[in-house]
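Report on one structure; see the data block that follows.
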Amino acid sequence: TYFMPEDESGVSFIDTIINLVAILIFPVSLSLLFPVFLYTVVLEKEEKLIQMMKMNGMKISSYWLVYFIFNFVFSMLTNIIFVLFGTLLTGMRFFLQSDPLLIAVVLIGWSLAQIGMAVFFQTFLNKSRSANIIGYLISIWTSMIGSTLCIGVYQFPNELPMGARFFAPFAFTRIIYLMLSGCSEGRCYGNIANIPT
């Protein structure tokens with residue numbers, strides 16, 4: 001017996017609502033690593049730890065390599081927990097029917113983008129407290145604005161302006177929107193080539 005009506009694609013009304021809510025929640029929740037990345041590098045700069053390490057003979061390239069590896073591993077562990085939680089506890093179509101390689105490519109790409117954005121923004125900041133505040137503002141507001149643009153303004157494929165596609169938070173929210181809206185219509189994407197932009 002069915003408690004919720006389903007359309008011809010087999011997607012119930014409650015699944016559609018869950019996917020629409022996830023369009024707002026997923027980008028924000030996956031963007032909260034950016035403030036951590038930004039805070040740590042600005043804190044080390046503020047405490048003059050980088051200069052002390054350089055005086056002790058450390059190459060700056062070694063510092064940035066370790067910074068990248070540590071943050072990337074931390075981000076991958078977070079992504080694995082996110083996917084396991086979504087797969088085992090929620091049972092959403094997004095996790096169960098989307099191509100796992102596609103989800104991995106999206107999450108790895110977003111992790112790399114966040115690390116790169118933290119390195120870029122740290123050049124303008126000298127105080128860890130302001131870096132923490134600015135990091136959270138950037139991650140939350142860009143995710144919310146990107147999701148709102150996708151849901152309310154640029155709903156259809158190929159509508160998002162090209163300039164917005166090159167801004168990493170908007171590009172990330174766009175692909176999450178397209179994947180979740182596809183799943184809400186009963187056609188989760190099994191290949192990255194099938195996703196309209």
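Starting from 1, each residue takes its place in the sequence as its number.
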Gap separating the OG1 atom of Thr142 from the CG atom of Leu149, nearest 0.5 angstrom: 11.0 Å

Gap between atom CZ of Phe37 and atom CZ of Phe70 - 0.5 Å precision: 9.0 Å

Nearest-0.5 Å distance, CG of residue Leu43 to CG of residue Asn132: 10.0 Å

Value rounded to 0.5 Å, distance of CD1 in Ile176 from OG in Ser31: 9.5 Å

Main-chain N/O of Phe95 paired to Ser98 side chain as donor or acceptor, under 3.5 Å: no

With sequence neighbours excluded, residues passing ring-ring contact (aromatic ring centres under 6.0 Å, His included) with Trp141: none

Heavy-atom pair with the smallest gap, counting every atom of Leu24 and Val28: O-CG2, 3.5 Å

Asn79 side chain near Ser111 side chain, heavy-atom distance below 4.5 Å: yes

Nearest-0.5 Å distance, CG of residue Leu125 to CD of residue Glu46: 10.5 Å

NZ-OH distance between Lys127 and Tyr39, expressed to the nearest 0.5 angstrom: 12.5 Å

Min side-chain heavy-atom separation Lys45-Asn126 under 4.5 Å: yes

Parallel, tilted or perpendicular: ring planes of Trp64 versus Tyr67, cut at 30 and 60 degrees: perpendicular

Phe72: partners by ring-ring contact (aromatic ring centres under 6.0 Å, His included), with sequence neighbours left out: Phe68

In one Ile/Leu/Val/Met/Phe/Trp/Tyr side-chain cluster, 4.5 Å: Ile108, Leu77: yes

Modelled atom types, side-chain donor and acceptor of Ser143 and Thr173, under 3.5 Å: no

Side chain to side chain contact (heavy atoms under 4.5 Å, CB included) between Asn71 and Val36, worked out: CA-CA 9 Å; Asn71 288 329; Val36 177; 6.0 Å; no

Any Tyr177 side-chain heavy atom under 4.5 Å of Ser147 side chain: no

Connected via hydrophobic side-chain network under 4.5 Å: Leu112 and Met76: yes

Leu30 side chain near Gln114 side chain, heavy-atom distance below 4.5 Å: no

Distance-only side-chain donor-acceptor flag, Tyr63 / Glu44, under 3.5 Å: yes

Verdict with reasoning, Phe120 to Phe34, per ring pair (Phe, Tyr, Trp, His ring centres under 6.0 Å): CA-CA 11 Å; Phe120 172 74; Phe34 170 70; over 10 Å; no

Within-4.5 Å side-chain heavy-atom neighbours: Gln122 and Leu38: yes

Check: Val41 and Val119 side chains under 4.5 Å, non-hydrogen atoms: no

Candidate pair Leu33 and Thr78, rule side chain to side chain contact (heavy atoms under 4.5 Å, CB included), full reasoning: CA-CA 9 Å; Leu33 288 177; Thr78 305; 4.0 Å; yes

Side chain proximity check, Trp110 to Ser75, heavy atoms < 4.5 angstrom: no

Side chain to side chain contact (heavy atoms under 4.5 Å, CB included) between Leu107 and Val83, intermediate numbers included: CA-CA 10 Å; Leu107 294 178; Val83 171; 3.6 Å; yes

Remaining members of the apolar cluster that contains Ile81, side-chain heavy atoms under 4.5 Å: none

Same apolar cluster (I L V M F W Y, side chains within < 4.5 Å links), Ile80/Phe85: no

Shared hydrophobic cluster, Val73 / Met117 (ILVMFWY, side-chain heavy atoms < 4.5 Å): yes

